[in-house]
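In listed order, ligands and their atoms are each counted from 1. All residue numbers in this chain count up from 1 along the given sequence. Hydrogens, waters and symmetry mates play no part in the numbers below; they use all other heavy atoms, side chains included.
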Amino acid sequence: MSADDREQGHRTRMQRKKAVVDAAIARADQDKGLLLVLTGNGKGKSSSAFGMLARALGHGLRVGVAQFIKGRSDTGEEAFFRAQPGVVWHVLGEGFTWETQNLERDRETARRAWAVAREMFSDPSLALIVLDELSYPLKNGWLDLPVVLADLAARPAMQHVVITGRGAPDALCEAADTVSELRDVKHAFRAGIRAQKGVDL
Ligand code: ATP
Ligand code: MG
C-alpha cells in the first residue's frame with residue numbers, strides 16, 4: 001500500500017468517525033442541572049470539583065461550596081476561591097472521626113452542615129454547588145439518606161451539584177447523572193511524602 005493509499009484510508013475512517021461523533025453530539029440537545037458524584041479511593045475528587053468551580057466562575061456564574069469534614073481553613077483552594085466575586089464558601093466540618101472522637105458531636109455537625117447546604121439549594125442564583133466530602137456523613141449514617149436525596153431532588157432545575165468523597169452510597173450514585181470513581185493506583189503519601197502545597201492542599 002502506498003503512502004497516498006494510507007493517507008486516503010485514514011481520511012475515510014476519520015470522516016466516518018466524525019459523522020458518528022457529530023450525530024451523538026446533535027442527539028444531546030437537553031439542558032439540566034446535573035448531580036455529579038466523584039468517589040473512589042484515588043486522588044482527584046475534590047480537585048476535580050474545584051476545577052468545575054473555576055469553569056463556572058469563568059462563565060460569570062455564581063457558585064457555592066460546603067465542606068462537610070474539613071475543619072481547616074488554610075487550603076489553597078479556599079484562599080483562591082474566596083477572593084473571587086460570586087463565591088459562597090462554608091467550612092462546616094470539624095475533622096475526621098478519629099480526630100473529633102465524639103459521635104454525637106459528629107452527628108450534630110453533619111446536621112448543621114446539611115441545613116447550610118439546603119440554604120444554598122434555596123438560592124437559584126447559585127449555578128453550581130460543591131458538597132465536598134458529603135459521602136462520609138452519609139455512609140456513617142449521620143444524615144438520613146432519603147432526606148438528603150429528597151432535598152437534592154427538590155433543588156432548582158438548573159442548579160448543578162457536585163458531591164465528593166470515598167464510599168458514596170449506591171442510592172446516591174443511582175440518583176446522580178454523572179458518577180466517576182477515582183482508582184488509587186499509587187499515592188506519594190505511602191512513600192513517606194507529606195501533603196504538598198499546590199498539589200494536596
Ligand atoms: P484531592 O483534594 O487532592 O483531589 P481527594 O479529594 O480525591 O484529593 P481525599 O480523600 O479528600 O481525596 O483526600 C484529601 C487529601 O488526601 C489530599 O491531600 C490528597 O492528596 C490525599 N489523598 C487522596 N487520595 C489518597 C490516597 N489514596 N492515599 C493517600 N492520600 C490520599
Ligand atoms: Mg477530597
Look up atom 14 (C) of ligand 1 and tell me if a protein heavy atom lies less than 4.0 Å from it? no
Protein contact for atom 28 (N) of ligand 1 (heavy atom, distance under 4.0 Å): yes
Tell me: protein heavy atom nearest [atom], and distance?
atom                    : value
atom 2 (O) of ligand 1  : Ser46 CB, 3.3 Å
atom 24 (N) of ligand 1 : Arg166 NH2, 3.1 Å
atom 3 (O) of ligand 1  : Lys43 NZ, 2.4 Å
atom 8 (O) of ligand 1  : Gly44 N, 3.7 Å
atom 12 (O) of ligand 1 : Lys45 NZ, 3.4 Å

Is [Y] paired with [X] through a side-chain N to carboxylate O contact shorter than 4.0 Å?
X      : Y      : value
Glu119 : Arg112 : no
Asp200 : Lys43  : yes
Asp184 : Arg190 : yes
Arg62  : Asp123 : yes
Asp177 : Lys32  : yes

Any side-chain donor near an acceptor of the partner, Trp142 and Glu108, under 3.5 Å: no
Proximal ligand 1 atoms for [X], defined as those under 4.0 Å from one of its heavy atoms:
X      : answer
Asp200 : 17 (C), 18 (O), 19 (C), 20 (O)
Asp184 : 27 (N)
Glu133 : 11 (O)
Arg190 : 27 (N), 28 (N)
Ser47  : 1 (P), 2 (O), 3 (O), 4 (O)

Within less than 2.8 Å of the Mg ion (ligand 2), any N, O or S from Glu133? yes
Please determine whether Thr164 has a backbone or side-chain N, O or S atom lying under 2.8 Å from the Mg ion (ligand 2). no
Should Val130 and Phe80 be regarded as members of a common hydrophobic cluster, given that ILVMFWY residues are connected when their side-chain heavy atoms come within less than 4.5 Å of each other, either directly or indirectly? yes
For Glu133 and Thr164 the tightest heavy-atom approach is N-OG1, 2.8 Å
Using a 4.5 Å cut-off on heavy atoms from C-beta on, say whether the side chain of Leu128 contacts that of Met52. yes
Under 4.0 Å, counting heavy atoms only: does Ala195 come that close to any atom of ligand 1? no
Students often mix this up, so state it plainly: with edges at 30° and 60°, are the rings of Trp114 and Phe121 parallel, tilted or perpendicular? perpendicular
Please classify the Leu182 to ligand 1 contact at 4.0 Å (heavy-atom distances, strictly less than): side chain, backbone, both or neither. neither
Contact partition for His187 relative to ligand 1, non-hydrogen atoms under 4.0 Å: side chain
Measure from the side-chain N and O atoms of Arg118 to the backbone N and O of Ser122, and report whether any donor-acceptor pair falls under 3.5 Å. no
